[in-house]
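Proteins come first, then strands; the chains are lettered A, B, ... in the order of their sequence lines, and each starts at number 1.
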Amino acid sequence: MPPHPQTWLRVTPAGLWCEPGDFYIDPSRPVERAIITHGHSDHARPGHSAVLATAETLAVMRVRMGEGRAGITQQALGFGERLDLNGVIVTLRPAGHVLGSAQVVMEWQGARAVVSGDYKRRYDPTCPGFEPVPCDVFVTEATFALPVFTHPPASGEVQKLLDSVALFPGRTHVIGAYSLGKAQRMIAMLRAAGWEAPIYLHGALAPLCALYEEFGVSLGPLLPATVANKSALVGAIVLGPPSAVADKWARRLAEPVLCMASGWMRLRQRAKQGGVELPMVISDHADWPELLATAEDVQAPEIWITHGREDALIHALAGQGILGRALHLVGREEEGE
Amino acid sequence: MSIPAFATLLERLLFSPGRNAKLALLRQWFETQPDPDRGLGLAAIAGELSFRTAKPGLFRELIATRTDPALFAMSYDYVGDLAETIALLWPDDARANAPPPGLAEVVETLEMAAGAEVPAIIARWLDGLDAGARLALIKLVTGGLRVGASARLAKTALAEWSGQPVNEIEELWHGVPPPYIALFDWLEGRGTRPDPAGVPIFRPLMLAHPLEEADLISLAPGDWAAEWKWDGIRVQLTAVPGGRRLWSRGAEDISASFPEIIQAMDFHAVADGELLVVRDGVVAPFSDLQQRLNRKSPSAKMLADYPVAVRLYDLLFEGGEDLRPLPFDARRARLEAWHARAQPARMDLSALIDFEDFAGLEALRAGARAASMEGLMLKRRDSAYEPGRMRGKWWKWKRGTQNVDAVLMYAQRGHGKRSSFYSDYTFGLWREAEGGEMELVPVGKAYSGFTDQDLLFLDKWVREHTTNRFGPVREVEPGLVLEVEFDAAQRSPRHKSGVAMRFPRIARIRRDKPAVEADRLETLLAMIPGG
């Protein structure tokens, strides 16, 4: 009888810890050995000794934290490559969340657990899609785990933006988007929808866009918004981090139309509160149908939930005969807020 | 495609803070949508559509048979709005390949359908729509779109789009029923101007400019008639053979709220006047009239406790005769003669004030501190009744404003151009708390009156002196005094301080004044007329 993952994969104050392999996954404080699912700051933190991740994620960490702080030693593992850590076989599989995002698959004495990190099931031109891996325990997020969260097709949301640009040619459309992932996905989708003009960037977005280009994700002409004069930005599309576009920074823009690309935009109150004029429901997280479909795809009898609205998910999983369990991991943030 | 298109319009209107953006959206709607859908959308936004058969309870029952009750409860708890929760939770029906219903189909079907059929019809429609369109449909059939676009704004957009004056549209509005085909035909040059003969319609009002001291010098006293400016709401009374209506200043039909006035309109005329609460010949403060506003069917107790009357000041039509081209003096004579003859109940005349010169009039104005008077009106004796705000014809000469020095307590970010600025300010006055300590109690909120320069300073000050944050609101340390100007103070049980200000604005930032020297609450309470 293979050992149940709860006997070898534990929640500790630093995060999820694989006991036989002696490593943490996305630990919230500095540790000896860490496997990092993806580069968002609530998953990839500075100061670990040894870091294992995809080459893309390691590069993201170096850009965001600086060379010295992204792990004293860094080890890259490609998708599908097997690595033996004290008898625990570790494999990374695409999670479809952002560039480099991976699920961590662990096999120990015939039992298999998968930590998905954050993930989505929708098409994203900037990263490979999620691959379900059958397992005994699947560890999931639950950011949008309420049936009200069904993300509409992203292409329709991008079309809303282009319609608005056509309707208000004298104004600047400024999009609040996470600097890792959402920003590049927005740009790639705009290109796919036929927007060929330069896209202007807040300074915080430029390094990661350059990194995406290095990894072969083509984003078209990008220019800094900060040095452009106001009139050059009339009719243009500008991207910046959500915190900047709704605040002082946006004063440089001509009658800005504040747009926000986030799964939270599904709720009017969320959009209204943030003063958003054009909400776009575009998320890099699984929505409710994707969470339930994934639970079915991985065929796990037991699903652990790291953070989010776990009550509703546990209730719905019970209806599918799956045992849900809340891990209450600390330090995880909501998307885009 | 029209319910989804209408949903997109509603969504953009809701989220667009700026008036110009809303106007652009509405113009685009008139330009791109076919009849009758564009007219029905217009009617819905103007609040002119209502359905008897679809109430919110119906939607609650429909969703209950389609969702897990526990998940519904958790979702409703999280979202907070019933219509939105239902729209988001409604299962996307993969079978529904039927095209989404058009606005006209929805309106016609609901008008014809028997009550028992309605739930199944609505369910079928919801099955064929996405979440945004479902919300639009629910809001449309239950009423109350609440997207921040008024009937007046919609008419302004019609005027801009068509190039016709907004007053012309306003005047035709109540004479052409939804979906306004004849109106659109005329606006697009395909038809003649619709003739609303015989039905009660709203006539656009003549409005007054605020009088500045500088304007006064150039006026000759003999050219002008003076009246008190009463603190009620401006109304137009329209009684024609085809019906009786009471209109608000914004052309809203408020007949149902004031049945006693409608009953008293036993004449054939159109008159202009001020609606007031009057007890034993004494005009009550505006706060009393507020009790009667926005009540669709007032109770017998409301009618008895807050009796209303109209103080008439102009006559626009007598019988079928249009008096508007006549000069003010002639209209006034016609008004007086008509009133003496018709003797309508609940209506008296706004008296003309005798005066020799403006100095004497100013003394009268300064002496009038009754809550029911806002100041004076000056009307040029030879002026015809012209819609809109014509310069130099009517002046409103409000009595002097009052002010207090208050302490800034909270600030909130504005909207639109001001969305990056803390531009909404809540301020308070000192009072003695239990135990003798002084505490600040909020007395009002203002977001105007200051210059752009002031705004930069205030925004910076708020950011640097924040002590606490509640969502979009920042609490600041009590360290900045604002001179707040307002038209009147009135008693208000709804405010913690017991007092509310009318039209408060920031007159000045008093950087020179220490917060402890700001005014006390007693100072403001003493400004409430009649104690």
Side-chain angles (χ1 to χ4, degrees), chain A residues 144-153 156-157 159-160 163-164 166-171 174 244-260 265-281 287-289 309-316 318-319, chain B residues 4 8 10-18 20-22 24-25 27-28 32 66-81 83-92 130-132 135 146-148 412-422 456 459-460 463 471-473:
Chain A
F144 291 115
L146 273 176
V148 293
F149 292 110
T150 308
H151 308 323
E157 302 298 291
Q159 194 54 49
K160 275 188 201 168
D163 290 347
S164 182
L167 180 63
F168 299 113
R171 305 178 67 186
V174 56
V245 295
D247 208 338
K248 284 175 168 178
W249 184 82
R251 289 179 198 170
R252 73 191 67 234
L253 308 175
E255 285 191 64
V257 178
L258 177 59
C259 318
M260 203 63 83
M265 294 298 108
R266 179 88 166 160
L267 301 185
R268 300 189 152 213
Q269 204 45 41
R270 277 305 253 276
K272 259 316 231 190
Q273 259 172 15
V276 176
E277 188 164 347
L278 183 72
M280 289 182 283
V281 188
D287 66 5
W288 177 256
R309 267 134 291 279
E310 51 275 273
D311 293 356
L313 189 55
I314 289 170
H315 175 85
Chain B
T8 304
L10 295 186
E11 190 161 293
R12 296 289 334 244
L13 285 173
L14 174 70
F15 291 119
S16 298
N20 287 339
K22 288 182 201 281
L25 290 161
R27 288 196 307 266
Q28 192 197 35
T32 56
R66 284 164 175 78
T67 48
D68 175 318
L71 291 177
F72 175 80
M74 284 187 248
S75 298
Y76 184 24
D77 187 49
Y78 192 78
V79 176
D81 179 88
E84 190 175 352
T85 308
I86 293 171
L88 294 173
L89 273 186
W90 193 272
D92 284 308
D130 69 11
L135 182 59
R146 282 182 299 180
V147 291
Q412 187 171 356
R413 284 204 213 166
H415 291 285
K417 280 183 186 169
R418 285 196 184 160
S419 60
S420 71
F421 290 95
Y422 285 88
L456 288 175
D459 179 68
K460 188 158 179 285
R463 290 169 191 274
V473 178

Notebook entry, point to check: With a 4.5 angstrom heavy-atom cut-off, which part of W249(A) approaches chain B: side chain, backbone, both or neither?
Noted result: neither

Margin query: Salt bridge or not between R12(B) and D163(A)? Use side-chain N to carboxylate O under 4.0 Å.
Written below: no

Check: About how many Å separate OG1 of T8(B) and NZ of K160(A), when rounded to the nearest 0.5 Å?
Finding: 6.5 Å

Check: Looking at V148(A) and S75(B), what are the two nearest heavy atoms and their distance?
Finding: CG1-CB, 3.6 Å

Checklist line | Which portion of L14(B) sits near chain A, non-hydrogen atoms under 4.5 angstrom | finding: both

Margin query: Would you say NZ of K460(B) has more than 12 non-hydrogen atoms from neighbouring residues, nucleotides or ligands within 6.0 angstrom?
Written below: no

Item checked: Region of V276(A) in contact with chain B, defined by heavy-atom distances below 4.5 Å -> backbone

Check: With only heavy atoms counted, which part of V245(A) is less than 4.5 Å from chain B, the side chain, the backbone, both or neither?
Finding: neither

Checklist line | Heavy-atom check, side chain of Q269(A) versus side chain of V79(B), under 4.5 Å | finding: no

Checklist line | Taking every non-hydrogen atom, the tightest pair across K272(A) and F15(B) | finding: N-CE2, 3.9 Å

Next item on the list: Can you tell which part of A271(A) gets under 4.5 Å to a heavy atom of chain B, answering side chain, backbone, both or neither?
Entry: both

Next item on the list: Find the one option among A316(A), G275(A), S164(A) whose heavy-atom pairs under 4.5 Å with chain B are most numerous.
Entry: S164(A)

Checklist line | Min side-chain heavy-atom separation R309(A)-M74(B) under 4.5 Å | finding: no

Notebook entry, point to check: Non-hydrogen atoms of chain B under 4.5 Å away: do they reach the side chain of L267(A), the backbone, both or neither?
Noted result: both

Note to self: Only pairs of heavy atoms separated by less than 4.5 Å count here; which of P289(A), P279(A), G319(A) has the most with chain B?
What the structure shows: P279(A)

Checklist line | SB check K248(A) D459(B) (cutoff 4.0 Å) | finding: no

Check: Got Q28(B) and L167(A) here, is their nearest side-chain heavy-atom distance under 4.5 Å?
Finding: yes

Check: Which atoms form the tightest heavy-atom contact between L89(B) and P147(A), and what is the distance?
Finding: CD2-CB, 3.3 Å

Check: Contact part of A87(B) toward chain A, heavy-atom cut-off under 4.5 Å: side chain, backbone, both or neither?
Finding: neither

Next item on the list: State, with a plain yes or no, whether a side-chain heavy atom of D247(A) is found less than 4.5 Å away from one of R413(B).
Entry: yes

Check: Is it the side chain or the backbone of D130(B) that comes within 4.5 Å of chain A heavy atoms, both, or neither?
Finding: neither

Notebook entry, point to check: Is it the backbone or the side chain of R171(A) that comes under 4.5 Å from a heavy atom of chain B, or both, or neither?
Noted result: side chain

Notebook entry, point to check: Hey, are the side chains of L88(B) and R266(A) touching, using non-hydrogen atoms and a 4.5 Å cut-off?
Noted result: yes

Note to self: Please report the interatomic distance CG(L71(B)) to CH2(W288(A)), rounded to the nearest 0.5 Å.
What the structure shows: 5.0 Å

Note to self: With rounding to the nearest 0.5 angstrom, report the CZ to CG distance, F72(B) to L146(A).
What the structure shows: 12.5 Å

